[in-house]
Trainee: 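I am attaching a structure below and will ask some questions about it afterwards.
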Amino acid sequence: MSVRLPAPPSAHVTPAHMTLWDEVSRVSARHVEPRVARMEAASRKVERKLPQIFGGRRWFGVTIPTEYGGLGAGHVAKTVLIHRLAMASGAAAAILQAGLIPVGAMQLWGTTAQKARWLPQAADGTVLMTIAVTEPEAGGHIGGIETAAERDGDEWVITGEKTHIGNSCLAHLHLVVARTAPPGTRPSEGLTMFLVEHDRPGVSATQPRPRLGLHGFSAGHLTLDRVRVPAENTLGAVGEGLFVAQSSSILYGRPNLAALSLGLHEAVVTTTAEWLSSRPRYGGHLSDLGVVRDRLGQMQARLVQARTLAYHAVHRLDNGHSCDADLISAKYAGHELAAASGRDAMELHGARGLDVDYPLQRLWRDIQHTYPPAGTGEIQRLHLARTSLGTTPIEWSERLAAETSWTRDPVAV
């Protein structure tokens, strides 16, 4: 029995999106899929060629306006890119999605001069950015950040450590959150985001340690030892670092991870359907058994749910709707649904799913990496509870719709 391959999503896409879907399919077949086995076999090595390929196609500029050299294609297009790449390789999709989060922060909070300098380089792939928030001790608890920045004349001096930084070994510009107020100051007032070029004295990015999955993706450690940056290298105003990090996480990080989960989820379902349809049993195939079809049907239902959530959320974002809860739900539920299907797939495959030369174990491992970033499931549920109670302090999707009214240039001090 042959298995019909899944069709591209259609509910919220345009012909232009479908053209992009086909482009990613061609790039994946030519450049991504042939690299998967090598990336898996060399878990300590960082994949360096794929970011160049993505940059050459201006995929890091998918949401950057055309006036800065980007594609100006929006968040549905961004989801198409990450979703389709993740079907071929979770690591390849992670490289792209991690690079798009700091680009979003620059779009939302950069001054006119900062955008003019950095966005064209981000759009054409000559500058890759990171966003450095997580720390070894504080983890993702932004209120516990210990990295500190002290004002010294016309400069800031930054000291601290960051970890689990996507594309850390490849980036040319790090967006670093540091404490700029005395301990005890509320995070909403005491943190600032800084632009730190990778070649400034005192900046050190170490090679990432081997990880459970996403082999080839750099998620390493960043050390800042009295790094000096000019005062104009703040992104947003002094004291607004929490808002810069939070807005980029909700508007970019969470939908990006929903798309990553979705691509892995779809690959799991497709791989499982093909296996069950080709595995002989009782004069037919495993897929002929009712109990097996029941579990495969559950997997397909989860996939449809995850796909609907992911594309519905970014469609609302592209159309200027208030949709923070949709974006958060897509990330939270997307992982939960993919993880459940991954567990079913492993059980349906039996021992075959454990073979290192078979893609399912790679997909299962990669899915585990979509839970912690941009807030664990517990954090997502806390945000959603605030929505239910009507106590959400800021709707960042509403602020995005009014971007031109809140992006500011610096004033003379």
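The structure displayed is predicted, hence computed values, not measured ones.
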Trainee: Dump the intermediate steps for side-chain hydrogen bond (donor to acceptor under 3.5 Å, both in side chains) on Ser168 and Thr130, then the final yes or no.
Mentor: CA-CA 7 Å; Ser168 57; Thr130 74; over 6 Å; no
Trainee: Look only at the side chain of Gln114 and the backbone of Thr234, and say whether a donor-acceptor pair between them is shorter than 3.5 Å.
Mentor: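 At least one qualifying donor-acceptor pair exists.
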Trainee: Does Glu232 have more than 12 heavy atoms from other residues, nucleotides or ligands lying within 6.0 Å of its CD?
Mentor: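 For Glu232, atom CD is crowded (more than 12 foreign heavy atoms under 6.0 Å).
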Trainee: Atom NE2 in His141, atom CD1 in Ile145: separation rounded to 0.5 Å?
Mentor: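 Going from the NE2 atom of His141 to the CD1 atom of Ile145 covers 9.0 Å.
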Trainee: Could you check whether Ser322 and Glu398, counting side-chain N and O atoms only, form a donor-acceptor pair closer than 3.5 Å?
Mentor: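 Per modelled atom types, Glu398 and Ser322 side chains form a pair under 3.5 Å.
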Trainee: Is the shortest heavy-atom distance from the side chain of Leu309 to the side chain of His312 under 4.5 Å?
Mentor: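 A side-chain contact is absent here, since even the closest heavy-atom pair is not under 4.5 Å.
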Trainee: Cut-off 3.5 Å, no hydrogens considered: what does the side-chain donor-acceptor table look like for residues 61-74, sequence neighbours left out?
Mentor:
| from | atom 1 | to | atom 2 | distance (Å) |
| --- | --- | --- | --- | --- |
| Thr63 | OG1 | Gln107 | OE1 | 2.7 |

Trainee: Go through the side-chain N and O atoms of Trp396 and Ser249 and say whether any donor and acceptor fall under 3.5 Å apart.
Mentor: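 Distance-only check fails for Trp396 and Ser249.
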Trainee: Show your working on salt bridge (charged side-chain N to carboxylate O under 4.0 Å, His left out) between Arg84 and Asp22 and close with a plain yes or no.
Mentor: CA-CA 9 Å; Arg84 181 61 189 90; Asp22 292 338; over 6 Å; no
Trainee: Counting distance only, does the side-chain N/O of His369 pair as donor-acceptor with the main-chain N or O of Gly213 below 3.5 Å?
Mentor: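 Yes.
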Trainee: Counting N and O atoms only, with roles assigned by atom type, does the side chain of Arg302 sit under 3.5 Å from a partner on the main chain of Ala338, one being a donor and the other an acceptor?
Mentor: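 Flag not set: sc Arg302 to bb Ala338 has no pair under 3.5 Å.
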Trainee: What are the two closest non-hydrogen atoms of Ala325 and Leu384, and how far apart are they?
Mentor: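 Reported closest heavy-atom pair: O-CD2, 3.7 Å.
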Trainee: Tell me whether Lys162 contacts the main-chain N or O of Val133 through its side chain, where contact means a donor paired with an acceptor under 3.5 Å.
Mentor: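 Yes.
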Trainee: Is a donor on one side and an acceptor on the other found under 3.5 Å between the side chain of Thr271 and the backbone of Val268?
Mentor: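 Such a contact is absent between Thr271 side chain and Val268 backbone.
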Trainee: For the residue pair Leu224 and Arg200, establish whether any side-chain heavy-atom pair is separated by less than 4.5 Å.
Mentor: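 No, every pair of side-chain atoms sits at 4.5 Å or beyond.
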Trainee: Using the ring centroid of each side chain, check whether Tyr311 and His12 are separated by less than 6.0 Å.
Mentor: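 No: the rings miss the under 6.0 Å criterion.
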Trainee: How close do Val36 and Ala88 get, counting heavy atoms only, and between which atoms?
Mentor: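 That would be CG2-O, 3.7 Å.
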Trainee: Tell me if a side-chain donor or acceptor on Asp318 pairs with a main-chain N or O of His75 at a distance below 3.5 Å.
Mentor: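 Here the side-chain-to-backbone pair exists.
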Trainee: For a side-chain contact (heavy atoms from CB on, under 4.5 Å) with Ile158, tell me which candidate from Thr180, Asn233, Val196, Thr192 qualifies.
Mentor: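 Result: among Thr180, Asn233, Val196, Thr192, Val196 is the only option passing the side-chain contact (heavy atoms from CB on, under 4.5 Å) with Ile158.
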Trainee: Could you tell me which non-hydrogen atom of Val177 sits nearest to which non-hydrogen atom of Gly241, and how far apart they are?
Mentor: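 What the structure gives for the nearest pair is CG2-O, 4.5 Å.
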Trainee: Is the backbone N or O of Val244 less than 3.5 Å from a side-chain atom of Ser247, with the two atoms forming a donor-acceptor pair by type?
Mentor: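 Yes: the side chain of Ser247 pairs with the backbone of Val244.
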Trainee: Tell me if a side-chain donor or acceptor on Ser28 pairs with a main-chain N or O of Leu85 at a distance below 3.5 Å.
Mentor: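 Checking the backbone N and O of Leu85 against the side chain of Ser28, no donor-acceptor pair under 3.5 Å is found.
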Trainee: Nearest heavy-atom pair of Val32 and Ala92: which atoms, and what distance?
Mentor: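 In terms of heavy atoms, the two residues are closest at CG1-CB, 3.8 Å.
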Trainee: Between Glu40 and Arg365, is there a side-chain N and carboxylate O pair less than 4.0 Å apart?
Mentor: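 Salt bridge flag = yes for Arg365 with Glu40.
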Trainee: Any non-hydrogen side-chain atom of Trp59 less than 4.5 Å from a side-chain atom of Val24?
Mentor: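 With C-beta onward as the side chain, the pair touches.
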Trainee: For Ser341 and His265, run side-chain hydrogen bond (donor to acceptor under 3.5 Å, both in side chains): C-alpha distance rounded to whole Å, both residues' side-chain angles, the deciding distance at 0.1 Å, then the answer.
Mentor: CA-CA 7 Å; Ser341 289; His265 194 168; 2.8 Å; yes
Trainee: Is the closest side-chain heavy-atom distance between Gln361 and Leu354 below 4.5 Å?
Mentor: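 No; the side chains remain at least 4.5 Å from each other.
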Trainee: Counting only N and O atoms by type, is there a donor-acceptor contact under 3.5 Å from the side chain of Gln97 to the main-chain atoms of Asn256?
Mentor: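 Flag not set: sc Gln97 to bb Asn256 has no pair under 3.5 Å.
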Trainee: Given the rule in the salt bridge (charged side-chain N to carboxylate O under 4.0 Å, His left out) test, do Glu23 and Arg57 qualify, once you have shown the distances and angles that lead to the verdict?
Mentor: CA-CA 10 Å; Glu23 179 186 348; Arg57 292 182 172 274; 3.0 Å; yes
Trainee: Parallel under 30°, tilted from 30 to 60°, perpendicular over 60°: which one fits the rings of His83 and Trp21?
Mentor: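 His83 and Trp21: perpendicular rings.
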Trainee: Using a 3.5 Å distance criterion without hydrogens, assess whether the side chain of Arg35 forms a donor-acceptor pair with backbone atoms of His31.
Mentor: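 Present.
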Trainee: For His221 and Glu161, does a side-chain donor sit closer than 3.5 Å to a side-chain acceptor?
Mentor: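 Distance-only check passes for His221 and Glu161.
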Trainee: Assess the residue pair Arg381 and Tyr332 against the criterion (side chain to side chain contact (heavy atoms under 4.5 Å, CB included)); give the C-alpha distance rounded to whole Å, side-chain angles, the decisive distance to 0.1 Å, and a yes or no.
Mentor: CA-CA 8 Å; Arg381 292 193 295 271; Tyr332 164 64; 3.3 Å; yes
Trainee: Indicate yes or no: at least one non-hydrogen side-chain atom of Ser277 is less than 4.5 angstrom from one of His285.
Mentor: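 No, every pair of side-chain atoms sits at 4.5 Å or beyond.
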Trainee: For the pair Asp288 and Arg281, find out whether any cationic side-chain nitrogen is under 4.0 Å from an anionic carboxylate oxygen.
Mentor: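 Salt bridge between Asp288 and Arg281, a charged N being under 4.0 Å from a carboxylate O: no.
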Trainee: Checking Thr223 against Ser204: is there a side-chain donor and acceptor pair closer than 3.5 Å?
Mentor: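 Checked: Ser204/Thr223 side chains show no N/O donor-acceptor pair below 3.5 Å.
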Trainee: Which heavy-atom pair separates Gly353 from Met346 by the least distance, and what is that distance?
Mentor: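 What the structure gives for the nearest pair is O-CE, 3.5 Å.
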Trainee: What I want to check is whether the side chains of Thr134 and His164 have a donor and an acceptor closer together than 3.5 Å.
Mentor: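 There is no such pair (donor and acceptor under 3.5 Å, judged by atom type) between the side chains of Thr134 and His164.
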Trainee: Could you go through residues 118-125 and list every donor-acceptor pair under 3.5 Å that involves a side-chain atom there, pairing it with any protein atom two or more places apart or in another chain?
Mentor:
| from | atom 1 | to | atom 2 | distance (Å) |
| --- | --- | --- | --- | --- |
| Gln121 | NE2 | Arg117 | O | 2.7 |
| Asp124 | OD1 | Thr126 | N | 3.0 |
| Asp124 | OD1 | Thr126 | OG1 | 2.7 |

Trainee: What is the minimum heavy-atom distance between Ala330 and Ala258, and which atoms define it?
Mentor: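 Heavy-atom minimum between the residues: O-CB, 3.5 Å.
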Trainee: Would you say Thr147 and Arg179 are linked by a side-chain donor-acceptor pair, where the criterion is simply a distance under 3.5 Å?
Mentor: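 No, because no side-chain N or O of Arg179 sits under 3.5 Å from a partner of the opposite role on Thr147.
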Trainee: Quick one about Ser261 and Thr370 (side-chain donor to acceptor, distance below 3.5 Å, no hydrogens or angles considered), yes or no?
Mentor: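 There is such a pair (donor and acceptor under 3.5 Å, judged by atom type) between the side chains of Thr370 and Ser261.
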Trainee: Please tell me whether Tyr358 and His349 have a donor and an acceptor in their side chains that are separated by less than 3.5 angstrom.
Mentor: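 On atom types as modelled, these side chains qualify, holding a pair under 3.5 Å.
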Trainee: Are side-chain N/O atoms of Asp324 and Ser397 paired as donor and acceptor at under 3.5 Å?
Mentor: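 Yes.
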